[in-house]
Amino acid sequence: MENELHQISDHSVCAAQIDLRRVRTNPDFWYPVAWSRELGREKAIDVRFAGRHIVVVRPRSGVPYALDGLCAHRQVLLAKGEAHGDLLSCIAHGLKYNRDGQCVSPNVSAEAQCLRLRTWACREKDGLIFVFMGDQSLADKTPFPDFPRVRDRSYRTRRFGQVVNCHYSFMHENLMDMNHQVLHSRLVGKMKPRFLGMDHGDDFVEARYTFARTGGKQPLSEALIYGQRRRDGRDFAYRDVMTIRTQYPYQSLRIETQGIEDPVMELWISYLPQDREELTNRVFGLLSIKRLKVPFLLDIAWPIVVAFTERVFSEDREIVELEQAAWKDLGGDHNQEVFPVIKQLRDLLRRCGQMPKSAEEADP
Amino acid sequence: MENELHQISDHSVCAAQIDLRRVRTNPDFWYPVAWSRELGREKAIDVRFAGRHIVVVRPRSGVPYALDGLCAHRQVLLAKGEAHGDLLSCIAHGLKYNRDGQCVSPNVSAEAQCLRLRTWACREKDGLIFVFMGDQSLADKTPFPDFPRVRDRSYRTRRFGQVVNCHYSFMHENLMDMNHQVLHSRLVGKMKPRFLGMDHGDDFVEARYTFARTGGKQPLSEALIYGQRRRDGRDFAYRDVMTIRTQYPYQSLRIETQGIEDPVMELWISYLPQDREELTNRVFGLLSIKRLKVPFLLDIAWPIVVAFTERVFSEDREIVELEQAAWKDLGGDHNQEVFPVIKQLRDLLRRCGQMPKSAEEADP
Amino acid sequence: MENELHQISDHSVCAAQIDLRRVRTNPDFWYPVAWSRELGREKAIDVRFAGRHIVVVRPRSGVPYALDGLCAHRQVLLAKGEAHGDLLSCIAHGLKYNRDGQCVSPNVSAEAQCLRLRTWACREKDGLIFVFMGDQSLADKTPFPDFPRVRDRSYRTRRFGQVVNCHYSFMHENLMDMNHQVLHSRLVGKMKPRFLGMDHGDDFVEARYTFARTGGKQPLSEALIYGQRRRDGRDFAYRDVMTIRTQYPYQSLRIETQGIEDPVMELWISYLPQDREELTNRVFGLLSIKRLKVPFLLDIAWPIVVAFTERVFSEDREIVELEQAAWKDLGGDHNQEVFPVIKQLRDLLRRCGQMPKSAEEADP
């Protein structure tokens with residue numbers, strides 16, 4: 001009995017000691033890997049999941065499929081090859097693979113028929129291509145993410161994303177910690193966040209904030225997203241509620257305003273680890289903004305919205321990349337977190353992610 | 001007896017397990033390290049053999065000589081210095097060395113007379129400078145490569161070569177595996193290689209192919225090399241024989257055509273490992289093309305031949321560098337070779353090369 | 001007794017075996033880290049000492065202070081933040097620190113009050129900002145470097161310095177070994193150094209040279225520094241004495257000429273290790289030149305002096321960076337020193353520096 005307790009305590013110490021920036025993305029989820037528009041008919045593209053090359057092919061007819069991205073023969077990058085009909089051929093020796101990953105080029109050598117590539121579950125939805133990189137038997141049972149605002153005509157959606165040179169955990173923390181609004185003060189004026197509370201469960205953490213403007217003028221771009229604020233006392237401050245949620249592995253942000261049922265803004269975001277160490281991630285973001293009473297006003301103002309969100313994103317990028325650079329420099333995580341929500345979030349990301357594997361275990 | 005057998009079997013397993021991309025170039029051969037035209041009178045150049053700096057000096061009179069490329073005093077690169085008469089002086093402190101590697105600068109300090117550089121056997125032939133980097137007592141007994149077409153006026157020879165970012169073994173495999181012709185299909189049209197057979201011995205592998213055009217037009221540049229092909233049935237296909245040979249450590253390719261005694265084309269090629277890990281090599285190639293009946297036609301068309309060979313070389317370079325990149329990415333060789341000739345070639349390169357040494361053994 | 005002797009001998013073998021290029025800068029000295037002109041009022045700059053980020057802040061009033069350069073919260077580079085009044089605030093979450101390194105932002109979170117940064121002793125003198133990176137209790141007792149020529153109006157001082165990609169020990173050796181004058185022969189003509197002698201003690205080595213011109217004309221730039229030399233026999237040669245001294249960790253060079261009391265030139269120089277491995281250093285140099293009889297002549301000619309010293313510096317930089325590159329390439333120090341002064345200097349730098357620590361011991 002005593003031993004058992006001791007083991008539990010040992011385990012929790014151990015879990016706490018694992019460097020969050022080494023925790024790997026849990027592959028048993030559907031991850032966006034490309035925008036649909038990136039992949040034409042009879043084309044192939046290379047994407048990476050935690051260092052692994054995956055080739056996604058859109059055949060002449062039918063839905064895209066995903067295979068291991070390096071030729072089984074001599075590991076030449078398959079996305080350099082060509083898709084003809086339903087087959088993908090390697091640029092080097094012309095070996096052809098079908099959507100089951102089977103090499104179908106007996107003309108080169110009889111032995112080539114033994115060559116096979118791993119296949120990965122692949123789906124396309126709302127302009128995004130997803131793959132399932134974990135246990136393939138779980139793919140169909142695993143909930144597929146939904147973001148209905150993208151199809152809702154009373155919203156306009158901006159698709160954005162870039163490669164950011166940091167571990168995905170920095171992205172989650174940055175979005176959820178609204179104390180970093182000071183960072184954007186040049187863009188949005190002085191906004192004082194008030195933390196309203198949080199919820200958390202096995203696979204999520206949710207934080208709610210409201211804001212008061214303490215200085216500066218509300219910029220036009222922000223007014224387009226939040227609606228214009230009149231400067232009439234209490235009503236001005238704390239009218240909006242911002243809800244930020246990490247529902248592992250995705251993240252969302254919603255702004256609701258008093259007296260309006262639908263959110264004025266909704267953001268859905270996913271992070272794709274690029275390199276083997278997962279110190280670089282590619283962002284796929286869907287930012288949906290509610291149309292105003294005069295709907296086309298939002299369309300006219302769209303370039304301002306785009307520029308505004310780009311600048312906020314670029315300020316955030318600078319910070320998370322500085323954090324990542326310091327981690328590399330110091331050889332590990334030296335964060336001293338002071339904000340309870342972020343502590344919860346860190347526990348969640350450790351709990352739901354995969355433990356780091358040593359270099360020896362790496363299966364390529 | 002049983003034990004002995006067991007050991008043999010153990011050894012072969014072990015040999016097979018050695019990653020071909022870690023096998024080092026056998027230094028007990030003569031390797032080209034520079035073109036003669038690169039080294040003027042009273043000049044010095046730096047070349048590298050598997051990470052080791054060698055300085056090659058052409059003195060005021062007499063043949064070039066080769067010394068260790070870093071000054072014995074403080075390891076400053078000697079090729080930065082100057083050659084005066086028969087001596088080479090270091091840029092930093094002016095220490096002078098003669099062709100025996102002896103420091104002859106007692107004026108700096110009496111102790112400087114104890115400084116010596118290793119000397120390396122060095123020869124010049126047909127526009128190439130060679131060094132012998134192995135056991136120096138073997139240099140004179142070691143066969144010196146010959147390529148008589150270079151001196152044959154019925155041929156014209158193109159000297160080419162570049163640094164390619166891959167282990168030399170990828171170069172050997174790429175040249176010998178004619179199934180990679182699919183790679184050049186945009187340049188040469190659709191050519192279907194037919195494997196005619198192979199020979200192999202202790203220190204060589206030779207493969208013979210013939211080709212049939214299955215689509216596309218024969219480009220002018222190719223016609224200049226192979227001769228023009230008439231489109232009259234069987235005669236069109238399979239008239240040429242291409243013989244590719246790795247005679248360790250060199251490689252050659254010869255094209256012979258029915259009814260003509262001399263080859264229409266002959267290629268001799270050597271790979272010089274640049275860095276210590278030998279993951280980069282510098283190519284020295286001699287491509288000799290038989291002059292046509294009207295000999296100056298080849299001279300007129302020479303720019304086309306040059307452009308054609310450059311493009312073929314550049315397509316090959318892309319593939320071998322992708323293969324090398326995948327090896328680095330995956331942390332080792334994952335080739336699943338399907339072609340028997342290449343399997344033989346891989347065995348040859350393993351057998352004739354030097355086993356990798358661990359970092360500790362490295363002698364600089 | 002025998003055992004004791006054995007241990008001593010073991011120890012000396014061991015000390016001699018330590019690679020000089022791995023010996024770390026002794027932090028128990030005052031090091032210049034920036035020029036005063038680099039740091040305006042209410043500004044902060046990032047400097048590095050052996051890989052450690054230090055932020056130096058010049059508050060609205062009072063002297064500069066130095067703190068650890070990464071925010072205690074999430075290790076964001078503090079020099080990206082802003083100095084307001086006496087406080088420094090982090091760009092990411094706006095945490096504010098005072099000159100004692102105490103976080104004074106309870107508004108973000110009560111826990112933030114527990115955040116502290118290490119402070120480092122910091123002084124400013126003669127246009128240079130110094131920090132003391134060792135045991136802070138020793139800072140005030142440690143002699144502060146002085147270079148009175150900077151304040152002497154009969155001299156003009158050039159402040160120079162750049163980042164040089166080599167271990168600081170190469171810098172010391174290069175300046176002290178006047179046999180490297182051959183390197184500058186294109187700039188200064190052929191100068192033959194004559195070694196006059198040396199002194200050494202626990203914490204210094206001093207070498208004295210004189211020079212004779214053996215060829216080439218004295219350039220104007222050199223005449224401005226040394227004074228013009230008449231070509232009248234013995235008097236021309238050996239009139240000047242150059243004294244080079246490493247007084248750990250600083251270095252100086254003084255040129256005195258017969259019959260003149262004050263030196264015609266004095267150089268004071270310090271090397272700041274940049275990266276953790278100390279294979280890059282930032283130079284802070286003060287070059288003071290005695291004004292001529294017509295004082296403003298030196299001012300008129302100053303651009304020539306600047307260009308001349310820049311070119312000498314750039315030639316020296318090439319050599320020390322080649323030496324460092326060879327060290328990396330060979331994986332260690334292979335110097336065979338032949339000059340007794342430099343052997344003394346190497347012992348001094350080993351003795352006064354800090355032994356390399358293994359990666360495990362590293363405290364970030």
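Model, not experiment: these values are computed from the prediction. Keep in mind that the numbers below use all heavy atoms, side chains included, and drop hydrogens, waters and symmetry copies. Proteins get letters first, then strands, A, B, ... in listed order; numbering begins at 1 in each.
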> For the atom pair CG (B:Asp177) and NE2 (A:His73), what is the distance rounded to the nearest 0.5 Å?
Replying inline: 6.0 Å

>> Counting only heavy atoms not in A:Asp135 (residues, nucleotides, ligands), do more than 12 fall under 6.0 Å from its CG?
In response: yes

> Using non-hydrogen atoms only, which part of B:Glu315 is less than 4.5 Å away from chain A: side chain, backbone, both, or neither?
Replying inline: neither

> Where on A:Leu70 is there a heavy atom nearer than 4.5 Å to chain B: the side chain, the backbone, both, or neither?
Replying inline: side chain

> Do you know the tightest heavy-atom contact between B:Ile319 and A:Ala92?
Replying inline: CG2-CB, 3.9 Å

>> Can you tell me which of B:Met178, B:His184, B:Lys343 forms the most heavy-atom pairs within a distance under 4.5 Å of chain A?
In response: B:Lys343

>> Take a 6.0 Å sphere around CZ of A:Arg159 and say whether it holds more than 12 heavy atoms from other residues, nucleotides or ligands.
In response: yes

> Between A:Gln75 (side chain) and B:Trp327 (backbone), is there a donor-acceptor pair under 3.5 Å?
Replying inline: no

>> Quick check for you: to the nearest 0.5 Å, what is the distance between A:Lys80 atom NZ and B:Leu322 atom CG?
In response: 5.5 Å

> Can any side-chain N or O of A:Arg276 pair as donor or acceptor with the backbone N or O of B:Asp329 at less than 3.5 Å?
Replying inline: yes

>> If the test is side chain to side chain donor-acceptor pair (under 3.5 Å), which one of B:His334, B:Glu323, B:Gln336 qualifies with A:Arg74?
In response: B:Glu323

